[in-house]
Number of protein chains: 2
Amino acid sequence: MNPEPFLKLDRVIHEKGRMAIMSLLAATPEMSFTDLKQTLSMTDGNLTTHIKTLQQAGYLGVTKSVLNNRPLTTCSLTPAGRQAFAEHIDLLETIVRQSKPNT
Amino acid sequence: MNPEPFLKLDRVIHEKGRMAIMSLLAATPEMSFTDLKQTLSMTDGNLTTHIKTLQQAGYLGVTKSVLNNRPLTTCSLTPAGRQAFAEHIDLLETIVRQSKPNT
DNA sequence: GCAGTCACTTTGCATTGCAAAGTAAACCTG
DNA sequence: CAGGTTTACTTTGCAATGCAAAGTGACTGC
């Protein structure tokens, strides 16, 4: 077993909740706070902190506007985020392959 | 995107270091504290805590003996650990597949 | 005009990850 | 054979994190 892929796993992305956010945004170019919250059944506080973490890492672009007189926070992956996520998935794929030699 | 696999990820296994430990032990039936430490270049403290966490979760069997007049801590997966790890890898595989629809 | 909802943000706490320091036994070494 | 070093861990302390409860502010129905 080669421990390298594990060592390279990006802790910012690796966390459950944030991986889910990144995955959603990889599939759907942009999603609102509320969409993310409902899709992932996360609590509000939990979600804002994860979004903030991803944003500070430069992985997420966040725009705040107003729609129908309500605040609307829209999130999307930055190019850096997209690439970091792709690399993370590659590492996971390596790990999966390493762990299932016979399939 | 289906968020289910993310929600099901076992936090005990998911953490980088512990995933690496579990992977090593899935490939190599038993390893000593020192083996793990060197292979994963972990600090001692970090490793004991992870081992303890995995042990308390019932995923790791830990036996302490003496070899060449030195303490020897030997770790191996329990059946529960093996299964939990296999499930975790399955979930990761699902996530990877979900994230790479076009390959 | 004030109770209630929506869309967040802030705060506080309890849990972790991590490494520095500690422990204990064996082993050189002069 | 006393004193220091190494090996193999464990404990402790702290900083960082995840999480949800409480807070904020704008709107909206009654």
Side-chain angles (χ1 to χ4, degrees), chain A residues 3 6-25 30-76 84 88, chain B residues 3 6-25 30-76 84 88:
Chain A
F6 295 95
L7 306 176
K8 293 211 290 191
L9 286 174
D10 182 341
R11 191 152 261 127
V12 170
I13 301 185
H14 192 55
E15 145 68 27
K16 244 160 106 88
R18 286 189 301 259
M19 263 191 61
I21 295 174
M22 297 288 280
S23 288
L24 268 177
L25 290 173
E30 52 174 49
M31 293 187 79
S32 69
F33 185 91
T34 314
D35 289 345
L36 287 167
K37 185 189 147 187
Q38 281 172 0
T39 313
L40 303 173
S41 12
M42 273 187 186
T43 56
D44 303 23
N46 195 356
L47 182 55
T48 9
T49 8
H50 282 321
I51 288 179
K52 203 183 292 167
T53 304
L54 289 170
Q55 186 186 13
Q56 273 160 9
Y59 293 162
L60 233 66
V62 179
T63 32
K64 296 182 190 224
S65 55
V66 174
L67 179 69
N68 298 333
N69 289 326
R70 312 211 146 281
L72 176 72
T73 303
T74 312
C75 306
S76 60
H88 195 84
Chain B
F6 295 96
L7 306 176
K8 293 210 292 193
L9 285 174
D10 182 340
R11 191 151 261 128
V12 170
I13 300 186
H14 193 56
E15 142 70 28
K16 244 161 104 94
R18 285 189 301 258
M19 260 192 61
I21 295 173
M22 296 287 280
S23 287
L24 269 175
L25 290 173
E30 53 174 47
M31 294 186 77
S32 70
F33 184 92
T34 315
D35 289 344
L36 287 168
K37 185 189 146 188
Q38 282 171 359
T39 315
L40 303 174
S41 11
M42 272 185 186
T43 56
D44 302 24
N46 195 356
L47 183 55
T48 8
T49 8
H50 283 320
I51 289 178
K52 202 182 294 170
T53 304
L54 288 170
Q55 186 185 13
Q56 273 161 6
Y59 294 162
L60 233 68
V62 179
T63 32
K64 300 183 189 224
S65 56
V66 174
L67 179 68
N68 299 333
N69 291 326
R70 313 208 144 281
L72 176 72
T73 303
T74 312
C75 306
S76 58
H88 196 85

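Labels below follow one simple rule: chain letters A, B, ... track the order of the sequence lines, proteins then strands, and each chain is numbered from 1. Only heavy atoms go into these numbers, but all of them, side chains included; no hydrogens, no water, no symmetry mates.
The pair A:Lys16-B:Glu15 fails the salt-bridge criterion, with no side-chain N (NZ, NE, NH1 or NH2) lying under 4.0 Å from an Asp/Glu carboxylate O.
Side-chain proximity of A:Lys64 to D:dG18, C:dT9, C:dC18: nearest is C:dT9. You'll find that the side chain of B:His50 is closest to C:dC18, out of C:dT10, C:dC18, C:dC6. Here the side chain of B:Arg70 is nearest to one of C:dC27, D:dC9, C:dC8, namely C:dC27. Of the candidate nucleotides C:dA7, D:dT10, C:dC18, C:dC18 has the atom nearest to the side chain of B:Glu15. For A:Arg11, the side-chain atoms get nearest to C:dG17 when compared with the rest of C:dG17, C:dC6, D:dG18. For A:Thr49, whose side chain is taken as the heavy atoms from C-beta onward, the closest listed nucleotide among C:dA7, D:dC9, D:dC19 is D:dC19. Distances from the side chain of A:Thr48 to the nucleotides C:dG17, C:dT9, D:dC19 place C:dT9 closest.
As a whole-Å value, the separation of B:Asp35 CG from D:dT7 P is 15 Å. Taking atom CG of residue A:Asn46 and atom P of nucleotide C:dA14, one finds them 17 Å apart after rounding to whole Å. Spacing between atom NZ of A:Lys37 and atom C1' of C:dA7 amounts to 8 Å, rounded to whole angstrom units. Whole-Å rounding puts the B:Ile51 CD1 to C:dC18 C1' distance at 15 Å.
In summary, of the residues considered (B:Asn46, B:Thr48, B:Thr53), a side chain to side chain donor-acceptor pair (under 3.5 Å) with B:His50 occurs for B:Asn46 alone.
At a cut-off of 3.5 angstrom, counting only N and O atoms as typed in the model, there is no donor on one side facing an acceptor on the other between the side-chain of A:Asn69 and the base of D:dC27.
Both A:Gly45 and B:Asp44 lie near DNA chain D, and the one whose nearest nucleotide falls closer to the 5' end is B:Asp44. Of the two residues near DNA chain D, A:Val66 and A:Thr53, the one whose nearest nucleotide lies more 5' is A:Thr53.
Looking at B:Lys64 and B:Val62, their side chains come closer than 4.5 Å, going by heavy atoms from C-beta outward.
For A:Glu30 against A:Ser76, the heavy-atom pair with the smallest separation is CB-CB, 4.0 Å.
Judged purely by atom type and a 3.5 angstrom limit, B:His14 has no side-chain atom pairing as donor or acceptor with the backbone of B:His88.
At least one side-chain nitrogen or oxygen of A:Thr73 sits closer than 4.0 Å to the OP1 or OP2 atom of C:dC8. Contact annotation: B:Lys16 side-chain N/O to C:dG17 OP1/OP2 distance is not under 4.0 Å.
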